[in-house]
**Student:** 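Here it is, the structure in full.
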Amino acid sequence: MGRGDLNAVEWARLEPYLPKNGKRGGQWQSHRKVVNGIYFRERTGVPWRDLPARFGKWKTVHDRHRRWSADGTWDRILGAIQGDADAEGRLDWSQVGVDSTSCRAHQHAVGARKTAPAGAPKKGVPVQHREDEGLGRSRGGLTSKIHLVCEGGLRPLAVLVTPGQTHDGTVFEAVVERIRVPRQGGGRPRARPDAISADKAYSSRRIRSYLRRRQIPHGIPEKKDQIRHRLARGSAGGRPPGFDRTAYKRRNEVERTINRLKNFRAVATRYDKRAYVFHGTVTVAAIRLWLRV
């Protein structure tokens, strides 16, 4: 086993959810060798063509990652592993954190064709395709932004890739609604945490109303200008929103989760041209965090 490869415990958790060979058509080569090649590239950020020969043909590794990113296989695997962790009591629902991080786009990440890519089942549009390819201009230059929800164990529950200039508050609902943890006993996936914490970027009346409708307690501090405006209106300004300072101290969990994700160099710097492939790259890194004991 090479450095950074899946160990026996991690492989035992992952293998049951990988696609199986069918009776007709092309057959998958060794999944373990290919997945280890994908993780080598995730960890080091090397170009696909520079993968060591022990992982087999670089194009086989690249195409499998691209295909599984396009048809949602990585997303399904992540959900299944989260369901296992929830059933074993290893998923902390007591308070989840929401935040985002910017990833500088490498020059190789630009120049994708304007036409919608194929690759999903029946040659359809990939599941996570975006017209803007998740690239935009911000103060950091050409960047992408990863919005994520994490649980108390420092592992991502849901991720969303957007252009770098996207304001966090505008996609809060979209990323929270991506929480879908399957229940092993059947029934609807669990989608509502016990509580949510977020920083001042998410302090808005719309977000607070959304959380009230879903009956999710939250710890989101008010911005200073919002406090001034509320006080200036007197009784018409309403009561201040509830805020638990002690619970808010746990917001560092989402920052630490982001740091763990960015230990994968292919996540910290975006090299993928297509947004759906970069989403798959982030999801593969999230799966590795869930596989670790």
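Residue numbers run from 1 in the order of the sequence given. The figures that follow rest on heavy atoms only: side chains count, while hydrogens, waters and symmetry mates do not.
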**Student:** If only atom types and distance count, is the side chain of Glu151 paired as donor or acceptor with the main-chain N or O of Gly153 below 3.5 Å?
**Tutor:** yes
**Student:** Rounded to the nearest 0.5 Å, what separation is found between the CH2 atom of Trp290 and the CZ atom of Arg155?
**Tutor:** 4.0 Å
**Student:** If every non-hydrogen atom of Ser94 is compared with every non-hydrogen atom of Arg250, which pair is closest and at what distance?
**Tutor:** OG-NH1, 3.0 Å
**Student:** If every non-hydrogen atom of Ala109 is compared with every non-hydrogen atom of Arg270, which pair is closest and at what distance?
**Tutor:** CB-O, 3.6 Å
**Student:** Could you check whether the rings of Tyr271 and His106 sit parallel, tilted or perpendicular, using 30° and 60° as the cut-offs?
**Tutor:** tilted
**Student:** If I take atom CG from residue Asp244 and atom CD1 from residue Ile220, how far apart are they, to the nearest 0.5 angstrom?
**Tutor:** 13.0 Å
**Student:** Return yes if a side-chain donor-acceptor contact under 3.5 Å exists between Ser209 and Arg206, otherwise no.
**Tutor:** no
**Student:** To the nearest 0.5 Å, what is the distance between NE2 (His31) and CG (Leu14)?
**Tutor:** 9.5 Å
**Student:** Show your working on side-chain contact (heavy atoms from CB on, under 4.5 Å) between Thr162 and His147 and close with a plain yes or no.
**Tutor:** CA-CA 8 Å; Thr162 67; His147 306 263; 2.8 Å; yes
**Student:** When you look at Arg76 and Thr73, which way does the side-chain hydrogen bond (donor to acceptor under 3.5 Å, both in side chains) test go after all the steps?
**Tutor:** CA-CA 5 Å; Arg76 289 191 292 272; Thr73 296; 3.1 Å; yes
**Student:** Distance only, no hydrogens: is a donor on one side chain within 3.5 Å (strictly under) of an acceptor on the other, for Arg66 and Ser69?
**Tutor:** no
**Student:** For residues Leu160 and Leu135: do they belong to one hydrophobic cluster (side chain heavy atoms under 4.5 Å, members Ile, Leu, Val, Met, Phe, Trp, Tyr)?
**Tutor:** no
**Student:** Quick one: are Trp93 and Ile179 in side-chain contact, heavy atoms under 4.5 Å?
**Tutor:** yes
**Student:** One pair to check against side-chain contact (heavy atoms from CB on, under 4.5 Å): Asn36 and Phe55. What are the steps and the verdict?
**Tutor:** CA-CA 7 Å; Asn36 281 333; Phe55 299 118; 3.8 Å; yes
**Student:** Is it the case that over 12 heavy atoms from other parts of the model lie below 6.0 angstrom from the CD atom of Glu88?
**Tutor:** yes
**Student:** Is a donor on one side and an acceptor on the other found under 3.5 Å between the side chain of Ser144 and the backbone of Gly134?
**Tutor:** yes
**Student:** Determine, using the 4.5 Å side-chain heavy-atom cutoff (strictly less than), whether Leu291 and Val181 are members of one ILVMFWY cluster.
**Tutor:** yes
**Student:** Looking only at side-chain N and O atoms, does Tyr210 offer a donor or acceptor that is under 3.5 Å from a partner on Arg214?
**Tutor:** yes
**Student:** Could you state whether Leu154 and Val175 fall into the same hydrophobic cluster, counting links through intermediate Ile, Leu, Val, Met, Phe, Trp or Tyr residues with side-chain heavy atoms under 4.5 angstrom apart?
**Tutor:** no
**Student:** Using 0.5 Å steps for rounding, measure from the CD atom of Gln165 to the NE2 atom of His167.
**Tutor:** 12.5 Å
**Student:** Answer yes or no: is there a donor N or O on one side and an acceptor on the other, between the side chain of Lys262 and the main chain of Val267, under 3.5 Å?
**Tutor:** no
**Student:** Taking all heavy atoms of Asp75 and all of His279, pick out the closest pair and write down the distance.
**Tutor:** OD1-NE2, 3.0 Å
**Student:** Report, as yes or no, whether the 6.0 Å neighbourhood of atom NZ on Lys57 holds more than 12 heavy atoms from other residues, nucleotides or ligands.
**Tutor:** no
**Student:** Would you name the heavy atoms of Ile38 and Val284 that are closest together and state the gap between them?
**Tutor:** CG2-CG1, 4.1 Å
**Student:** If you compare all heavy atoms of Cys150 against all heavy atoms of Val254, which two are closest, and at what distance to 0.1 Å?
**Tutor:** SG-CA, 3.4 Å
**Student:** For a quick test of reading the model, state the closest non-hydrogen atom pair linking Asp5 to Glu10 and the distance between them.
**Tutor:** O-OE1, 4.2 Å
**Student:** For Arg178 and Val149, indicate whether the former's side chain and the latter's backbone hold a donor-acceptor pair under 3.5 Å.
**Tutor:** no
**Student:** Are Arg288 and Tyr39 in a cation-pi contact, defined as NZ or CZ under 6.0 Å from the six-membered ring centre and within 45° of the axis?
**Tutor:** yes
**Student:** Main chain of Arg192, side chain of Arg190: is a donor-acceptor contact present, judged purely on distance under 3.5 Å?
**Tutor:** yes
**Student:** Is any side-chain heavy atom of Arg251 closer than 4.5 Å to a side-chain heavy atom of Asp99?
**Tutor:** yes
**Student:** State, with a plain yes or no, whether a side-chain heavy atom of Trp68 is found less than 4.5 Å away from one of Leu18.
**Tutor:** yes
**Student:** Tell me whether Asp86 contacts the main-chain N or O of Gln82 through its side chain, where contact means a donor paired with an acceptor under 3.5 Å.
**Tutor:** no
**Student:** For the residue pair Tyr202 and Asp168, establish whether any side-chain heavy-atom pair is separated by less than 4.5 Å.
**Tutor:** yes
**Student:** Only counting residues at least two apart or in another chain, list the ones meeting side-chain contact (heavy atoms from CB on, under 4.5 Å) with Arg43.
**Tutor:** Arg3, Phe40
**Student:** When you check the side-chain N and O atoms of Asp84 and Gln184, is any donor under 3.5 Å from an acceptor?
**Tutor:** yes
**Student:** Could you check if a side-chain atom of Phe172 sits within less than 4.5 angstrom of a side-chain atom of Ile196, using non-hydrogen atoms only?
**Tutor:** yes
**Student:** If we check side chain to side chain contact (heavy atoms under 4.5 Å, CB included) with Cys103, which of these qualifies: Ile146, Val282, Leu261?
**Tutor:** Ile146
**Student:** For Arg265, does the CZ atom sit with more than 12 other heavy atoms under 6.0 Å from it, leaving out its own atoms?
**Tutor:** no
**Student:** Is the shortest side-chain N to carboxylate O distance from Asp63 to Lys59 below 4.0 Å?
**Tutor:** yes
**Student:** Would you say Arg183's side chain and Arg188's backbone share a donor-acceptor pair under 3.5 angstrom?
**Tutor:** yes
**Student:** In terms of the angle between their ring planes, are Trp74 and His65 parallel, tilted or perpendicular, with boundaries placed at 30° and 60°?
**Tutor:** tilted
**Student:** Is it the case that Arg41 and His62 place a side-chain donor and acceptor less than 3.5 Å from each other?
**Tutor:** no
**Student:** Given 3.5 Å as the limit, does a donor-acceptor pair link the side chain of Asp272 with the main chain of Arg274, or not?
**Tutor:** no
**Student:** With rounding to the nearest 0.5 Å, note down the distance linking NZ in Lys223 to OG in Ser204.
**Tutor:** 8.0 Å
**Student:** Please tell me if the side chains of Val96 and Val176 come closer than 4.5 Å, counting only heavy atoms from C-beta onward.
**Tutor:** no
**Student:** Can you measure from OG1 (Thr101) to CD (Glu255) and round to the nearest 0.5 angstrom?
**Tutor:** 8.5 Å
**Student:** Between Leu211 and Arg208, is the side-chain contact (heavy atoms from CB on, under 4.5 Å) condition met? List the steps.
**Tutor:** CA-CA 5 Å; Leu211 293 174; Arg208 297 182 197 275; 5.9 Å; no
**Student:** Do side-chain atoms of Lys145 reach the backbone of Pro163 as a donor and acceptor pair under 3.5 angstrom?
**Tutor:** no
**Student:** Is any side-chain N of the basic residue among Asp132 and Arg130 closer than 4.0 Å to the acidic one's carboxylate O?
**Tutor:** yes
**Student:** Could you work out, with side-chain contact (heavy atoms from CB on, under 4.5 Å) as the rule, every residue matching Ala12, not counting sequence neighbours?
**Tutor:** none
